[in-house]
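Protein chains get the first letters and strands the later ones, always in sequence-line order, with residue 1 at the start of each.
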Amino acid sequence: MTGHSTYTPKSGFARWLERRLPILGFIHESFVAYPVPKNLNYLWTFGAILSFMLVAQIVTGIVLAMHYTPETTLAFDSIEHIMRDVNWGWALRYAHANGASMFFLAVYIHIFRGMYYGSYKEPREVLWILGVVIFMLMMATGFLGYVLPWGQMSFWAATVITNLFTAIPYVGNTITIWLLGGYSVDNATLNRFFALHYLLPFVIVAIVGLHVWALHVTGQNNPTGVEVKDIKKETVPFTPYATLKDAVGLVVFVGLFAWLTFFVPNYTGHPDNYIEANPLVTPPHIVPEWYFLPFYAILRAIPNKLVGVIALFASILIVAALPWLDTSKVRSGVYRPAFKKFYWVFVFVSVGLGYLGAQPAEGVYLIAARILMAYYFLHFLVVLPLLGKYEQTLPEPRSIAASLGEAATEEKPHA
Amino acid sequence: MSNATKAEPSRRDILFLATGAAATVAAGAAVWPLIAQMNPDASTLALASTELDISAIPEGQIVTVKWRGKPVFVRHRTKQEIEAAQNVPLAELPDPQADSARVQKAEWLVVVGVCTHLGCIPTGHEGEFHGWFCPCHGSTYDTSGRIRSGPAPSNLEVPDYAFLSDTKIKIG
Ligand code: HEM
Ligand code: FES
């Protein structure tokens with residue numbers, strides 16, 4: 001979408017630069033003049049919040065890396081050294097560890113926002129798939145980072161996750177030994193995990209760039225799901241309107257982040273990770289970080305190793321297929337009464353799987369996990385395709401302006 | 001390339017193909033070290049074997065030794081444990097294997113202590129079959145280290161080992 005104003009450089013230097021590298025104009029078009037639907041709610045501030053968290057993780061991560069040692073006999077001690085000796089080390093480490101949690105909280109809200117308002121639908125499929133790629137890279141980065149403190153949970157998380165690859169028929173063992181650089185998780189593993197943990201966030205930055213590029217080609221979706229028809233009437237310039245609204249959302253979010261970091265810094269962590277890694281003792285209860293729990297529940301719900309691993313990866317990849325699985329012509333959930341109900345069941349199922357992922361995999365927990373997992377896949381493979389065909393939808397407003405009651409003659413959306 | 005009606009390969013085509021082939025080989029040769037460097041290095045491969053004096057292990061006890069960074073269980077089995085292991089009908093086993101194929105001397109069971117599901121270390125003398133129980137996702141093994149229930153697909157691996165004498169074994 002093209003915007004409210006076109007950029008005219010004001011200073012002599014800006015004019016000089018603009019003729020050689022039009023970067024100021026690019027920034028202006030993308031983050032100042034860029035037209036934003038004026039009916040966006042606070043769920044649309046999470047993109048900015050996510051960008052902030054990515055930068056926060058990179059900044060705290062780089063300074064932590066100045067004090068951390070990726071060597072099995074020193075790693076655990078270097079974390080304690082950061083916590084006790086390094087100036088502000090405790091704050092930086094707690095900010096990085098809780099920052100990962102907040103980053104995932106934000107990305108989950110962002111994804112569920114997209115699911116409710118149908119933001120993945122034509123023409124935003126590529127935008128959506130890039131988002132799923134970012135999510136997967138975040139999961140990889142979070143996992144690799146969690147191994148670095150070299151506590152018991154670090155070590156056993158690394159063992160269990162790398163062993164997922166042994167499920168691949170014939171070449172599984174060879175691949176796993178290659179990934180580990182040995183026959184078990186050891187120094188070679190820790191060292192390469194650190195290298196990759198440092199690398200992947202920058203890959204994420206690059207993909208975020210593509211994600212925002214795709215966004216700026218199609219324009220933002222909005223709560224009505226109806227495309228902008230009249231840029232003058234239905235959009236406002238990004239700055240100051242979106243910038244400030246994003247700032248308000250960010251302040252509230254950072255408040256929660258600060259509370260976690262300064263008041264309950266170990267709340268989302270696991271006490272066993274303050275015990276140094278011991279390759280000869282598995283802790284009685286292995287649980288991943290909270291943001292992996294739903295997927296962990298799916299892995300454990302299936303009694304067959306290979307099928308369990310396939311289900312785990314399928315549960316993530318299937319999200320990328322949403323644009324083709326949801327067959328409804330109506331984009332926003334606001335005008336889909338039946339979808340709305342299934343949507344909330346799906347949210348409940350996802351959170352429920354998270355709860356079950358933290359429980360022992362036995363008895364009623366296991367049965368519940370199987371039921372919820374089955375529903376998880378049914379939602380994508382059966383509910384969404386059929387709803388699109390049979391659902392009685394409400395009439396969509398003719399335009400964003402109409403939905404806001406601005407053109408008095410238009411019909412009301414909720415007829 | 002040109003208006004090929006019945007193309008005689010030209011000198012240029014041959015050069016083009018040859019260069020392309022050479023470039024492909026060169027690219028492969030350049031990528032290979034980048035991939036192969038991740039495989040176990042010489043120092044890891046050198047940690048080949050571990051020796052253990054088993055005379056101090058009383059009947060009924062399991063001793064864990066480290067071999068290639070992994071635990072190996074050396075279990076001095078009791079009479080009942082041996083009988084239990086020998087008397088299971090093979091048809092009942094998810095990964096059928098006779099006990100005799102898994103031991104060199106009936107009293108001594110030597111297995112790699114890594115759950116064949118996702119690599120946790122099972123705890124000894126626990127689970128329904130009193131062999132091992134894996135705390136991670138609940139696989140149970142019998143007194144021959146064979147998988148009996150749970151998500152693990154196969155029996156605990158038997159490493160290469162040899163009795164150097166009646167009281168000494170060498171693993172690896
Ligand atoms: C996508 C962004 C990132 C995420 C989600 C992330 C996540 C994590 C997590 C979950 C931990 C474990 C924290 C703990 O339990 O102590 C960690 C540790 C670590 N990360 Fe990151 N990280 C990110 C970016 C970075 C970057 C860019 C660097 C720069 C080199 C970095 C360097 C480190 C270091 C040195 C540690 C070990 C110190 C510690 O455990 O606190 N991280 N990371
Ligand atoms: S690792 Fe032993 S049951 Fe999963």
What residues of residues 144-153 of chain B make heavy-atom contacts with chain A at a cutoff under 4.5 angstrom?
B/Gly150, B/Pro151, B/Pro153
With a sphere of 6.0 Å drawn around [atom1] of [X], does it hold more than 12 non-hydrogen atoms of other residues, nucleotides or ligands?
{"X": "A/Phe348", "atom1": "CZ", "value": "no"}
{"X": "B/Asp160", "atom1": "CG", "value": "no"}
{"X": "A/Phe202", "atom1": "CZ", "value": "yes"}
{"X": "B/Gln86", "atom1": "CD", "value": "yes"}
{"X": "B/Lys105", "atom1": "NZ", "value": "yes"}

Backbone N or O of B/His137 within a donor-acceptor pair of the A/Arg300 side chain at under 3.5 Å?
no
Report yes or no: does A/Lys305 contribute a side-chain atom to a donor-acceptor pair with the main-chain N or O of B/Ser154 at less than 3.5 Å?
no
Given that the side chain runs from C-beta out, which part of [X] has a heavy atom under 4.5 Å from chain B: side chain, backbone, both or neither?
{"X": "A/Pro284", "value": "backbone"}
{"X": "A/Pro360", "value": "neither"}
{"X": "A/Thr159", "value": "both"}
{"X": "A/Tyr296", "value": "side chain"}

Would you say that A/Tyr183 contacts B/Val114 through its side chain, given a criterion of any heavy-atom pair below 4.5 Å between the two side chains?
no
Minimum side-chain heavy-atom gap A/Val160-B/Cys120 below 4.5 Å:
yes
Answer key: most heavy-atom pairs under 4.5 Å with chain B among A/Leu179, A/Leu180, A/Ile177 is A/Ile177
Could you grab the distance from atom [atom1] of [X] to atom [atom2] of [Y], nearest 0.5 Å is fine?
{"X": "B/Leu118", "Y": "A/Trp156", "atom1": "CG", "atom2": "CH2", "answer": "11.5 Å"}
{"X": "B/Cys136", "Y": "A/Asn163", "atom1": "SG", "atom2": "CG", "answer": "10.0 Å"}
{"X": "B/His117", "Y": "A/Leu299", "atom1": "NE2", "atom2": "CG", "answer": "5.5 Å"}

Minimum-distance pair of heavy atoms, taken over all atoms of [X] and [Y]:
{"X": "B/Gly69", "Y": "A/Pro279", "answer": "O-CB, 4.3 Å"}
{"X": "B/Ile121", "Y": "A/Val281", "answer": "CD1-N, 4.0 Å"}
{"X": "B/Pro71", "Y": "A/Leu280", "answer": "CB-CD2, 3.5 Å"}

